[in-house]
Amino acid sequence: MSATDHHRVSPEGRMLGKTMARFADMGFKQLAAIGVSDTRCASCAFRLGTVPNGCIQTQLDTLKAVTEGGRFLCHAPQDGRLCAGYVACRAYKAMHPLPPEIRAFTEHYPYSPPDEVKP
């Protein structure tokens, strides 16, 4: 399934997702200098074109986590590890602080609730 035919994908999600994927790409370029490789999973929210990368709910959560330093865990295999794309974005942000307006926005945006598990 592509990021264009999923019911949660939106133009706004794709727009923010494109930015977050670019930040992760740049973060991995910085991390490569110390021997860290790009280990994003196939469905990473920070990988351009994935469903989570085009979902506005997920992308607002990524922005909040990257901006505020909250934990953002890997979508797959959901074993409790930090998302590699998130780690790369945090590395990028450490060298390139985000504008204060982003922090002001994320402070008022609550993390989205977990998906309901269907029986």
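What you see is a predicted model, and the numbers here were worked out from it, not measured in a lab. In this chain, numbering begins with 1 at the start of the sequence shown.
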Centre of Phe23's six-membered ring, under 6.0 Å away, within 45 degrees of the axis: is that where NZ or CZ of Lys93 sits?
no

Polar side-chain atom of [X] near backbone of [Y] as donor-acceptor pair, under 3.5 Å:
X	Y	value
Arg71	Leu82	no
Thr67	Lys64	no
Gln57	Tyr111	no
Glu68	Ala65	no

Interatomic spacing from [atom1] in [X] to [atom2] in [Y] - rounded to 0.5 Å:
X	Y	atom1	atom2	result
Phe46	Cys83	CZ	SG	5.0 Å
Thr19	Asn53	OG1	CG	9.5 Å
His96	Gln30	NE2	CD	5.5 Å
Arg22	Met26	CZ	CE	4.0 Å
Lys29	Asp38	NZ	CG	11.0 Å

Would a single hydrophobic cluster contain both [Y] and [X], if residues Ile, Leu, Val, Met, Phe, Trp and Tyr are joined by side-chain heavy-atom contacts under 4.5 Å?
X	Y	value
Phe72	Tyr109	yes
Met15	Ile102	no
Leu60	Met20	yes
Leu63	Val87	yes
Leu98	Tyr86	yes

So which heavy atom on [X] is nearest to which on [Y], and how close?
X	Y	answer
Ala88	Leu31	CA-CD1, 3.9 Å
Ala24	Gly85	CB-O, 3.9 Å
Gln78	His75	CG-O, 2.8 Å
Cys41	Cys74	SG-SG, 3.9 Å
Ala42	Thr50	O-CG2, 3.3 Å
Thr58	Ala45	CG2-CB, 3.8 Å

Are side-chain heavy atoms of Pro11 and Arg14 found at a separation under 4.5 Å?
yes

